Amino acid sequence: MEYVLETSALGKSYGHFKALNNLSMRVPKGSIYGFIGKNGAGKTTLIRVICGLQAPSSGSYSLYGKKNTEREIVKSRRRMGAIVETPAIYLDMTAEENMQQQYRILGLPSFDGIEETLRLVGLSGTGKKKSRHFSLGMRQRLGIAVALAGDPDFLVLDEPVNGLDPQGIIEIRELILKLNRERQITILISSHLLDELSKLATHYGFIDGGRIVREMSAAQLEAACRKCIRIEVSDTKPLAKVLDEMQLEYEILSDKEAHVFAKVNVSQLALALKKNNCEILSLHERDESLESFYMNLVGGSIRKEGV
Ligand code: ATP
C-alpha cells in the first residue's frame with residue numbers, strides 16, 4: 001500500500017511535557033483517515049508538525065515518501081492543503097476575495113478555478129457578502145475552499161465540525177466525501193467524535209497521550225463493534241450444525257457456549273435446535289458500541305458535542 005504520510009517515533013516536547021511521544025502512524029493514499037483522540041491528546045500538535053509549522057523534537061515523518069529532513073519535502077507540502085485549528089480566512093473579505101488572496105500567497109499564475117472551487121463547497125452564490133456575515137458552517141467551507149487552492153491531493157482538517165449545527169455537520173461531511181470520491185483527495189480529519197468520524201472514515205488512528213494506541217481500517221472497527229449474541233446451549237456440536245444450515249457466522253467458545261454474529265430469529269433457532277435434541281440455556285445480546293470501544297482504548301470520558 002502507498003502512504004501519503006508516515007511518521008516514525010515522532011516526538012514533540014514542550015519542556016518536560018511530551019505532546020507527541022514516539023508517535024507512529026500511516027495514512028494510506030486515497031483514504032479518509034480519522035485521527036481520533038480526546039482533547040489534549042496531541043492531534044493539533046501532530047498536524048502543526050506535519051504542516052511544517054513546528055519542528056519535531058525527535059523521530060521523523062515523510063510526506064509522499066520525502067522525509068522531513070530532505071529538501072524535497074517542500075514539494076510534497078505543496079501537494080497538501082490544511083485547516084489548522086480555525087479556517088484561515090479574512091472576515092472583511094468576500095469568499096471570492098479570500099480565494100484570490102490565497103492564490104496570490106501561493107503565487108498561482110491566474111485566478112482560474114476559483115469559481116469552480118467555490119461552487120464545489122456550495123459558496124458560489126455569496127457575491128458581495130463579507131465572510132464576517134457567514135454562518136460558522138459557511139466559514140468552515142470557505143476554509144476548505146482556501147485549503148483547496150493549488151489543487152492539493154492531501155487535505156488535513158483539524159476538527160472541521162467543531163461547533164457546527166447538525167445541518168452544518170452534514171454539509172461538511174458530504175463535502176469531504178465528495179472531495180475524496182470525485183477528486184481522489186486523501187483526507188486526514190481530526191476529531192474527538194468517533195460517531196461522526198465513523199460516517200466517513202476508511203481508516204482510523206486512535207491517539208492518546210501523544211501516541212497512537214491503535215491504527216485500524218473501517219472494516220476492522222466494524223468487526224470489533226458488531227452486534228453479537230452470546231448463546232449457551234446444552235451442546236455446541238448440534239448448535240454448529242444448525243448455524244451452518246442457517247448460514248450464520250459464529251464462533252464456538254466451549255462445548256456449551258458460542259457467539260453468533262448476526263440477527264437471529266430466536267424461535268426459528270430454538271425450533272431447529274430442538275429437532276437436534278439441543279436446548280438453549282441462555283441468550284444475551286452483546287453490543288460493543290463505537291463509544292465503548294473508544295473508551296476502552298483511550299480511557300476516560302468523551303464529549304459528545306462538537307465544542
Ligand atoms: P484539542 O482537541 O483540545 O485541540 P489536541 O488533541 O489537538 O486537543 P493538542 O492541542 O495537540 O491536543 O495539545 C496536546 C498537549 O500539548 C496538550 O496538553 C496541550 O496543553 C499541550 N500543548 C500544546 N501546545 C503547547 C505549547 N505551545 N506549549 C506547551 N504545551 C502545549
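Ligands are counted one by one from 1 in listed order, and the atoms in each one are counted from 1 as well. Just so we're clear, the structure is a prediction, and the values are computed from it rather than from any experiment.
- Under a 4.0 Å heavy-atom criterion, G42 is in contact with ligand 1.
- Here is the list of ligand 1 atoms found below 4.0 Å of a heavy atom in T45: 9 (P), 11 (O), 13 (O), 14 (C).
- Listed by atom number, the atoms of ligand 1 under 4.0 Å from K43 heavy atoms are 2 (O), 5 (P), 6 (O), 7 (O), 8 (O), 11 (O), 12 (O).
- Taking a cutoff of 4.0 Å between a charged side-chain nitrogen and a carboxylate oxygen, K130 and D92 do not qualify as a salt bridge.
- Among all protein heavy atoms, the one lying closest to atom 30 (N) of ligand 1 is Y14 CD1, 3.4 Å.
- The protein heavy atom nearest to atom 2 (O) of ligand 1 is N39 ND2, 3.1 Å.
- Side chains of Q101 and E97: a donor-acceptor N/O pair is absent below 3.5 angstrom, by distance only.
- A salt bridge does not link E174 with K178: every distance from a Lys NZ or Arg NE/NH1/NH2 to an Asp or Glu carboxylate oxygen is 4.0 Å or more.
- Looking at I229 and H259, their side chains never come closer than 4.5 Å, going by heavy atoms from C-beta outward.
- Ranking protein heavy atoms by distance to atom 4 (O) of ligand 1, first place goes to T44 OG1, 3.5 Å.
- Listed by atom number, the atoms of ligand 1 under 4.0 Å from A41 heavy atoms are 5 (P), 6 (O), 12 (O).
- Checked by atom type, the side-chain pair R230/H284 shows no donor-acceptor distance below 3.5 Å.
- Contact annotation for atom 13 (O) of ligand 1: protein present (non-hydrogen atoms, distance under 4.0 Å).
- When only interatomic distances are considered, the shortest N/O to N/O separation between Q54 and ligand 1 does not fall below 3.5 Å.
- Considering both main-chain and side-chain atoms, H192 never comes within under 3.5 Å of ligand 1 through any nitrogen or oxygen pair.
- With ligand atoms numbered from 1 in the order given, ligand 1 contributes 16 (O) to contacts under 4.0 Å with heavy atoms of A19.
- Judged by a 6.0 Å distance limit and a 45° cone about the ring axis, R79 is positioned over the six-membered ring of Y64.
- The closest side-chain donor-acceptor pair between T44 and D158 falls under 3.5 angstrom.
- For the 3.5 Å distance criterion, the side chains of N22 and S24 fail to qualify, holding no donor opposite an acceptor.
- The closest approach between E159 and ligand 1 falls below 4.0 Å for a heavy atom of the residue.
- A salt bridge does not link E72 with K67: none of the charged nitrogens is closer than 4.0 Å to a carboxylate oxygen.
- By the 4.0 Å heavy-atom criterion, K38 is counted among the residues contacting ligand 1.
- With hydrogens and angles left out, the side-chain atoms of E279 and S234 include no donor and acceptor closer than 3.5 Å.
- F17 CZ, 3.5 Å is the protein heavy atom nearest to atom 18 (O) of ligand 1.
- At least one N or O atom of G40 sits closer than 3.5 Å to an N or O atom of ligand 1.
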